[in-house]
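Here the structure comes first, spelled out in C-alpha cells, and everything after it is commentary.
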Amino acid sequence: DVRNLDNKKLADVHQAAKKFDDDTEYLFSFLQVITACLASFAHGSNDVANAVGPLSSIYDVWKTARVDVSGTAPVPAWILAVAGAAIDLGLITFGYHVMRKLGNGVTYLSPSRGFSAELGTSLTVLTASKIGLPVSTTHCITGAITAIGLCNGNFRALNWRMLAWCFMSWIFTLPIAGLIAGLLFAFGCNSPTKFL
C-alpha cells in the first residue's frame, strides 16, 4: 500500500493532522488529477533537462571532436527519448519506494493536501526551469509536503525521523556520487592505452 494509512508507527502523526470533510476532499480529488499532470510536465521539463544537458554536450564533443565554448550544444531527439525512457524506467523500478515513503510517510496527505503540494511543486519547478535553475522535483515535493505538515499547527503532525533520513540522504548523495564519478574517471584515465 503506497498510502501507508494502516501503518501503526505513523498513527500518531496522522492523528495529529487536521481532517476535512469528505465532500471537500472529493472535490479536490478531481483537481489533483490536473495538478498531477502539471507536476509530471514540470518534472520532465527540469529533471530530464538536468540529464539531457550534460549528455548532449558529451555527445557533441564525441561527434565533432571539439568543445563548443558558447555553452550551447544541439540536442538530438534520440537523447530526449532516451532520457524520457530513463525517467520512466526509474519511476517503474524504484519510484514506488519513494512514493511509499513520501505518501503519508512524512505527514497525513489527503486530496486537498496533495493538490497543494503538487501545485506548489509544479510552479516552483516550472519557474526554476524558465530561469534556468537546475532543481530537483523530489526535493521540491518533499519541501511542499513538509510545509503542509507544518500548516497543521502541530509539530507532531510531521514524521521528523523520515525528514531526517531525507535530509541526510541529500547530504550524502553529493560526496558519494562524486567519489563514484572520480573512481570511474581514474579507472578510465589509468587504463592501458595499447593492446599487447
Margin query: Please identify which of these residues, I148, T121, L109, meets the side chain to side chain contact (heavy atoms under 4.5 Å, CB included) condition with S116.
Written below: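 Only one option passes, and that is I148.
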Check: Taking atom CG of N50 and atom CD1 of I87, what is their separation to the nearest 0.5 Å?
Finding: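 Interatomic distance, N50 CG to I87 CD1, rounded to 0.5 Å: 9.0 Å.
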Note to self: Please report the interatomic distance OG1(T107) to CG(L150), rounded to the nearest 0.5 Å.
What the structure shows: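 Between atom OG1 of T107 and atom CG of L150 there are 8.5 Å.
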Check: Should we say atom CZ of F20 is surrounded by more than 12 heavy atoms from elsewhere, each under 6.0 Å from it?
Finding: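 Check passes, neighbour count above 12.
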Next item on the list: Please check if atom CH2 in W62 has more than 12 non-hydrogen atoms from other residues, nucleotides or ligands closer than 6.0 Å.
Entry: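 Atom CH2 in W62 is not packed in, count stays at 12 or less.
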Next item on the list: Say whether V82 and L89 are linked into one hydrophobic cluster, either directly or through other cluster members, by side-chain heavy-atom distances under 4.5 angstrom.
Entry: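 V82 does not cluster with L89.
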Next item on the list: State yes or no: do L119 and L126 share one hydrophobic cluster built from I, L, V, M, F, W and Y residues joined by side-chain heavy-atom distances below 4.5 Å, directly or via other members?
Entry: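 Result: yes, single cluster for both.
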State which residues pass side chain to side chain contact (heavy atoms under 4.5 Å, CB included) with [X]; sequence neighbours excluded, sorted by chain then number.
X   : value
K19 : A17, Y108
T64 : D60, R66
K18 : R113, N152

Please enumerate all residues that pass side chain to side chain donor-acceptor pair (under 3.5 Å) together with [X], with sequence neighbours excluded.
X   : answer
D12 : none
D88 : none
D21 : T24
S45 : S129

Solution key, residues 26-38 side-chain donor-acceptor pairs under 3.5 Å, sequence neighbours excluded:
{"from": "S29", "atom 1": "OG", "to": "Y26", "atom 2": "O", "distance (Å)": "2.5"}
{"from": "T35", "atom 1": "OG1", "to": "Q32", "atom 2": "O", "distance (Å)": "3.0"}
{"from": "T35", "atom 1": "OG1", "to": "E118", "atom 2": "OE1", "distance (Å)": "2.7"}

Distance-only check: which donor-acceptor pairs under 3.5 Å involve side-chain atoms of residues 134-144, not counting sequence neighbours?
{"from": "S136", "atom 1": "OG", "to": "T138", "atom 2": "N", "distance (Å)": "3.3"}
{"from": "S136", "atom 1": "OG", "to": "H139", "atom 2": "N", "distance (Å)": "3.3"}
{"from": "T137", "atom 1": "OG1", "to": "H43", "atom 2": "ND1", "distance (Å)": "3.2"}
{"from": "T137", "atom 1": "OG1", "to": "D47", "atom 2": "OD2", "distance (Å)": "2.2"}
{"from": "H139", "atom 1": "NE2", "to": "W170", "atom 2": "NE1", "distance (Å)": "2.9"}
{"from": "T142", "atom 1": "OG1", "to": "T138", "atom 2": "O", "distance (Å)": "2.8"}

With a 3.5 Å cut-off and sequence neighbours excluded, list the donor-acceptor pairs that the side chains of residues 177-191 form with protein atoms.
{"from": "N190", "atom 1": "ND2", "to": "A186", "atom 2": "O", "distance (Å)": "2.9"}
{"from": "S191", "atom 1": "OG", "to": "G188", "atom 2": "O", "distance (Å)": "2.9"}

Less than 3.5 Å apart, which donor and acceptor atoms pair up between the side chains of residues 154-163 and the rest of the protein, not counting sequence neighbours?
{"from": "N154", "atom 1": "OD1", "to": "R156", "atom 2": "N", "distance (Å)": "3.0"}
{"from": "N159", "atom 1": "OD1", "to": "R161", "atom 2": "N", "distance (Å)": "3.4"}
{"from": "N159", "atom 1": "OD1", "to": "M162", "atom 2": "N", "distance (Å)": "3.4"}
{"from": "N159", "atom 1": "ND2", "to": "G105", "atom 2": "O", "distance (Å)": "2.9"}
{"from": "W160", "atom 1": "NE1", "to": "F155", "atom 2": "O", "distance (Å)": "2.8"}

All N/O donor-acceptor pairs, side-chain side in residues 51-59, below 3.5 Å, sequence neighbours left out:
{"from": "S56", "atom 1": "OG", "to": "V52", "atom 2": "O", "distance (Å)": "2.9"}
{"from": "S57", "atom 1": "OG", "to": "G53", "atom 2": "O", "distance (Å)": "3.2"}

